[in-house]
Every structure is written in C-alpha cells, then in structure tokens.
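Report on the structure given below.
Naming: A, B, ... by sequence-line order, numbering from 1 per chain. Side-chain atoms are counted along with the backbone in the values below, which use heavy atoms only and exclude waters and symmetry mates.
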Protein chains: 2
Amino acid sequence: MQAKTGKLIKPHSDATADLILDVAQELLQTRGYNGISYQDIAEQVGIRKASIHHHFATKAELGVKLLCRYRRQWHAFLAGVDESTAGPWEKFDQYLDPFRATARTGDRACLCGILGAEFAALAPELQQEVQGFFRDNETWLAALLSHGRRSRQFRFQGDAASEAAVIFACLEGSLIVARAARNPLQFDAVIVQLKGRLGR
Amino acid sequence: MQAKTGKLIKPHSDATADLILDVAQELLQTRGYNGISYQDIAEQVGIRKASIHHHFATKAELGVKLLCRYRRQWHAFLAGVDESTAGPWEKFDQYLDPFRATARTGDRACLCGILGAEFAALAPELQQEVQGFFRDNETWLAALLSHGRRSRQFRFQGDAASEAAVIFACLEGSLIVARAARNPLQFDAVIVQLKGRLGR
DNA sequence: GTCTATAAGATGATAGAC
DNA sequence: GTCTATCATCTTATAGAC
C-alpha cells in the first residue's frame, strides 16, 4: 500500500500512522486503553478524529497494530541483547534498561502490564497480543536464567521458568506500584533486591 | 442516616448499597474502572441506573466508598493475622490466602492493582486510596519480614522494606500476568518460588 | 428507595467535500 | 490524506412521579 517513495524494500512506513501510534502508546501507558479516546490522540497529534480513523478504522485495529509494532520492537531489542558477547549479568542489565527508563518517566508503566489489568475489557485480538508479550518475556528470561545458572553466574532454586515468572511479574508489578507511590526510586530498590536474589 | 432498624450500634448498613459495592467490585476487578458503567452495575444488581445514583451520586464517590470498604476489610483481615499466635511462616501463608483466592477465580486481579494500572485516569481521591492500600501492605509485610528474620525463620538480604516491595509487586504483577495467561497454576508457582527465596 | 424520562456531553464511527 | 458535518450510541448525571 502506498509505495510511491523510492524505498522499495520497506513499503510500510507511513510517518503519520507512526506518529499516531507514538501518541497512542504514550497515552495508553499512562491512562489505559479505556481511558483514552480518538479525540485525545487527535489533539496531541494535531489532526482531527476522522483522520485517525483513516489510518486505523477502529480502536481495536489501532490497538492491535500498536501491539504488533511494540512486540516487533521488543523482539529486535531482545535479539540485540542475545547477539552481544556480554555475560548473563550484563545481559540481564540490558534487559532491565527499558523497564528502568519507563520507571523514570514517572507517569508510565509497561504497555502490556496496563493492558493486562484491563484484560477482560479488551477485544480478543488484543488479548492475544498481550498474552504473547508476556510469554515472549518469560521465555526469554527463562533461557537467560538457565544459561546463567549453568555457567555458575546466577543462583536460584527451582526451575528457570518459575524464576522467570517471578522476575517478570515483579517488574510489571513494580512499575505500577512505584508509579502510584510517585517514587521511581522504589523501582530501583526492587531491582537491587532482585539481583541480590540471583547471587548479586 | 436511616437508623430505623433495631441495630443502633451500626447505623450505616444499607443492604442495597452494599450489594451495589459488591457488584461494582467484581466488575472492577475484571474490567477496570473505565471498563464499567452505571448501566453494567445496574443490570447485575437488578435495579435501574438512577437507583445507583441515589446511593452513590457520582462514579468517583462510588469508587472512593468502595475503596474505603475494601481497605477497612483488609485492615480487619491483617489485624486478624496479627492477633493469631502463629509463626511468621503461617502468618505469611494467611496473608497470601486472599491473593490465592483471587487467582483461583481466573478472571479477577487485585482491585488496587487494576486501579494502579489506570492511575492517571482516576480522580485524585481515588488515587489516594490506591496509594494508601499499597503503603498499608508494604508496611505490614515489612514488619512481618523483619520479625521473621530476627527470629531466624526468614532469610533475605537488604532491608525489610525493599524485600516487602519485591514480594508485594510480585503478587500484584502475578495476578495480572497469570490471569492473562489463563493459568492460575502460574500464580502458585510464583508463591513457591517466593517462599523458597525466604528460606523455604 | 425505586422508577421513567431526559438532559448534556463524550465516544466510536461514517459520508462526502476539498 | 485531511477536513467538516453528522450519526447512533453510550455515559454520567438530574428532575420529578410513584
């Protein structure tokens, strides 16, 4: 669709659509899916409601497209961490960076953490994406933990999947709780504690 | 108000208002604050929208009253745990019971965990109550952890407040993640892991 | 205390001009 | 691709009869 520009390889790059998704994501991470409207997005983008509908016919479609982009970016990020030659501890730190960045904003939590809270109110397609994001993270974390323990750098009891679930749930929960407490430092304290648990 | 019945000591006990709060709480725990309406509540209670407004003039007032009741019940619950002669491990288990019960429903998360996710979209009075609930829990948990470590039954690094923050964030996050995964057993696995961390 | 009726505004969505 | 105008519906909330 709309392959007029010279970039033949990446035909799907509508600047306006991307901007809409940027704004929608920021609003969603602060107020939740049912807390934002096309009107809210339109105002921040600087166009009219109808123009948003031109790019994303329905709110559910906008949500799905947003989550697809989010997961695509996340996969690229995780792949980057995997490619690095760093050890388990450095990789864990790299993984935590986006969470730390979100905590520092003071007004956002994880996109999927918030959508997870509104889970039953979401369209099935959106629910699937949220599920997928959770699964992706727990799987990746479990692999990292597994490797780290084999190389005797991480220490923890039980299976890697359970430990991954604890760490991921803790990250999602911390972002929500620390934001409500208006205390980003609480998130850092949780990280310190989580690391101590893995053997420092 | 309305002290017609013989119960002179507890004048504030409107059965309909309580039922409304019951229904509102259940809906809120599944769909979130912005995911439910007076209409939704009215249908489940079996009365009309206007009748809900008679008991709770505005939605924010309903939310605040609901959270006040929730925190009151929670305080009573925590006081009950404190009064028991059980040891730290048993008390921790008692504390976990409501979380386990919520996880088993399969479609609810913690009321305040969900409201925390929608934080910026809430009225300031509601935000305060959510903050208060988080603080109450972390304070209580920190005290339990502190006592448990002094009596050499719990083992953990760092200060009790940080460990309490980790455990509480983990519980809130787990309820959200496990529900999305449609796997209540995942919550139990997290509990096992959390306990292992404290020394089994 | 509950009801019907209704207001006033927001919301997701569409039609059609430019 | 963006706009104005409009629609149907939902939402919170109020007025007033029973």
Side-chain angles (χ1 to χ4, degrees), chain A residues 1-5 7 11-25 27-28 30-67 115 118 120-126, chain B residues 1-5 7 11-25 27-28 30-67 115 118 120-126:
Chain A
M1 306 148 182
Q2 194 229 15
K4 281 187 294 188
T5 64
K7 297 178 184 176
H12 226 323
S13 160
D14 188 325
T16 305
D18 275 343
L19 180 56
I20 290 167
L21 291 184
D22 290 343
V23 169
Q25 183 174 334
L27 287 172
L28 239 160
T30 64
R31 296 200 246 139
Y33 184 81
N34 282 317
I36 66 169
S37 68
Y38 269 53
Q39 185 62 37
D40 297 326
I41 302 170
E43 276 167 23
Q44 274 212 25
V45 173
I47 57 178
R48 300 288 177 166
K49 272 198 305 179
S51 305
I52 312 275
H53 277 287
H54 171 75
H55 294 280
F56 306 97
T58 69
K59 195 180 179 185
E61 186 196 315
L62 191 156
V64 170
K65 293 257 175 76
L66 175 59
L67 280 189
L115 292 173
E118 298 177 288
L122 304 178
E125 323 94 81
L126 266 168
Chain B
M1 306 146 182
Q2 194 227 14
K4 282 185 293 188
T5 64
K7 297 177 182 176
H12 225 324
S13 163
D14 187 326
T16 306
D18 275 343
L19 179 55
I20 291 169
L21 290 184
D22 290 343
V23 169
Q25 181 172 335
L27 288 172
L28 240 159
T30 65
R31 297 201 245 138
Y33 183 81
N34 281 317
I36 67 168
S37 68
Y38 270 53
Q39 185 62 39
D40 296 325
I41 301 170
E43 277 168 22
Q44 274 213 24
V45 172
I47 57 179
R48 299 290 176 164
K49 274 194 304 177
S51 306
I52 312 275
H53 278 287
H54 171 74
H55 294 280
F56 306 96
T58 69
K59 196 180 178 184
E61 186 195 317
L62 191 156
V64 169
K65 293 258 176 74
L66 174 59
L67 280 189
L115 292 174
E118 298 176 287
L122 304 178
E125 322 94 81
L126 266 168

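A sub-4.0 Å separation between OP1 or OP2 of D/dG1 and a side-chain N or O of A/H54 is present. OP1 or OP2 of C/dC3 has at least one side-chain nitrogen or oxygen of B/S51 nearer than 4.0 Å. For D/dT2, one of the phosphate oxygens OP1 or OP2 lies less than 4.0 angstrom from a side-chain nitrogen or oxygen of A/T16. Between C/dT2 and B/H55, a contact under 4.0 Å exists linking OP1 or OP2 to a side-chain N or O.
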Fill in: Under 4.0 Å protein heavy-atom contact, by nucleotide of nucleotides 12-18 of chain D - B base, S sugar-phosphate only
BBBB---
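The side-chain hydrogen bond (donor to acceptor under 3.5 Å, both in side chains) search around B/E61 returns B/K65, not counting sequence neighbours. For B/Q44, the side-chain hydrogen bond (donor to acceptor under 3.5 Å, both in side chains) test picks out no residue, with sequence neighbours left out. Every side chain to side chain contact (heavy atoms under 4.5 Å, CB included) that A/H53 has, sequence neighbours left out, goes to A/Y38. Applying the ring-ring contact (aromatic ring centres under 6.0 Å, His included) test to B/F56 and every residue at least two apart in sequence or in another chain returns nothing.
Between B/I41 atom CD1 and D/dT11 atom P there is a gap of 11 Å when expressed in whole angstrom units. Taking atom CG on B/L19 and atom P on C/dG1, their separation rounds to 14 Å, with Å as the unit. For the pair A/R48 CZ and C/dG12 P, the interatomic distance rounds to 17 Å; values are reported in whole Å. When rounded to the nearest whole Å, the span between CD1 of B/I47 and P of C/dC3 equals 6 Å.
Applying the salt bridge (Lys or Arg N to Asp or Glu O under 4.0 Å) rule to pairs touching residues 30-39 of chain A yields A/R31-A/D40, sequence neighbours excluded.
Across D/dC3, C/dG1, D/dT2, the shortest atom-to-atom separation from the side chain of B/D14 is found for C/dG1.
B/E118 contributes a side-chain N or O that, together with a main-chain N or O of B/Y33, makes up a donor-acceptor pair within less than 3.5 Å.
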